[in-house]
*Asks:* 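My structure is below; once you've seen it, I'll send some questions.
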Amino acid sequence: MTVVSEEVDDDDDDESEEVMDILLRESMAVDAGRPIPAARSAIERLEKVTFEDRLGWIGECIICTEEFEGGLELTRRPCSHVYHGGCIVKWLKMSRLCPLCRYPLPPVH
Ligand SMILES: [Zn+2]
Ligand SMILES: [Zn+2]
């Protein structure tokens, strides 16, 4: 096992892809070595919420590592974790599990 700890400070995209890679690997460990995408109907049913600081939610999208700003429209999973709409859709097309708590959505058939 090789652990690469290379600091990339000047390019956010690289950093977020690296994070997704790590998260995906963790989710693969749960799903027996391969990520299972979520069903499209399940993705479409996800709740849209507006981020408000005072609700005390996790203030950061773990997928792109960006902090949420007040008034932003986000997508909430059944486990109550929230992500940017674009980030979680991209994620769910690869893995049905929540990157934070592994709570699964219905898988594709
Ligand atoms: Zn995001
Ligand atoms: Zn979760």
Side-chain angles (χ1 to χ4, degrees):
M1 243 227 227
T2 320
V3 178
V4 184
S5 63
E6 207 176 277
E7 285 297 329
V8 187
D9 287 326
D10 57 349
D11 195 329
D12 280 346
D13 284 344
D14 277 3
E15 191 185 320
S16 105
E17 270 176 32
E18 202 176 298
V19 171
M20 286 210 37
D21 205 53
I22 294 165
L23 293 172
L24 201 57
R25 238 179 277 254
E26 287 176 4
S27 121
M28 280 162 70
V30 177
D31 267 340
R34 69 197 170 97
I36 299 169
R40 185 135 63 105
S41 57
I43 298 175
E44 284 166 0
R45 272 202 304 270
L46 289 175
E47 190 187 352
K48 298 274 193 298
V49 293
T50 303
F51 181 74
E52 290 176 58
D53 305 307
R54 61 195 158 83
L55 293 181
W57 295 342
I58 293 168
E60 164 182 285
C61 172
I62 197 181
I63 298 172
C64 67
T65 70
E66 259 174 52
E67 275 186 34
F68 298 139
E69 289 166 30
L72 205 64
E73 192 186 72
L74 303 168
T75 298
R76 178 155 62 188
R77 296 185 43 122
C79 57
S80 88
H81 286 126
V82 289
Y83 303 93
H84 294 122
C87 292
I88 194 62
V89 168
K90 199 159 94 177
W91 171 264
L92 288 168
K93 285 178 177 167
M94 296 187 292
S95 170
R96 70 204 166 96
L97 302 176
C98 176
L100 280 169
C101 70
R102 316 277 187 272
Y103 185 93
L105 285 186
V108 283
H109 297 293

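We're numbering straight along the sequence, starting at 1. Ligands are counted one by one from 1 in listed order, and the atoms in each one are counted from 1 as well.
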*Asks:* Kindly determine whether Val89 and Tyr83 satisfy side-chain contact (heavy atoms from CB on, under 4.5 Å), including the steps that lead there.
*Replies:* CA-CA 9 Å; Val89 168; Tyr83 303 93; over 6 Å; no

*Asks:* In His84, which N, O or S atom comes closest to the Zn ion (ligand 1)?
*Replies:*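 Distance check against the Zn ion (ligand 1) picks out ND1 in His84.
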
*Asks:* Take atom CD of Glu67 as the centre, draw a 6.0 Å sphere, and report whether it contains more than 12 heavy atoms from other residues, nucleotides or ligands.
*Replies:*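 No, not enclosed.
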
*Asks:* For the residue pair Leu72 and His84, establish whether any side-chain heavy-atom pair is separated by less than 4.5 Å.
*Replies:*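 Touching, per the 4.5 Å side-chain cut-off.
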
*Asks:* Could you tell me the angle subtended at the Zn ion (ligand 1) by SG of Cys61 and SG of Cys87, rounded to 10°?
*Replies:* 110°

*Asks:* Could you report the tightest heavy-atom contact between Leu24 and Ser95, atom names first, then the distance?
*Replies:* CD1-CB, 3.9 Å

*Asks:* Thinking salt bridges, do Glu47 and Arg77 make one under a 4.0 Å N-O criterion?
*Replies:*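 So Glu47 does not pair with Arg77 through a salt bridge.
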
*Asks:* List-wise, which protein N, O or S atoms are found short of 2.8 Å from the Zn ion (ligand 2)?
*Replies:* Cys79 SG, His81 ND1, Cys98 SG, Cys101 SG

*Asks:* Are Ile63 and Met20 packed together at the side-chain level, in the sense that at least one heavy-atom pair is separated by less than 4.5 angstrom?
*Replies:* yes

*Asks:* Provide the closest heavy-atom pair for Leu97 versus Pro104 in the form atom of the first, atom of the second, distance.
*Replies:* CD2-CB, 3.6 Å

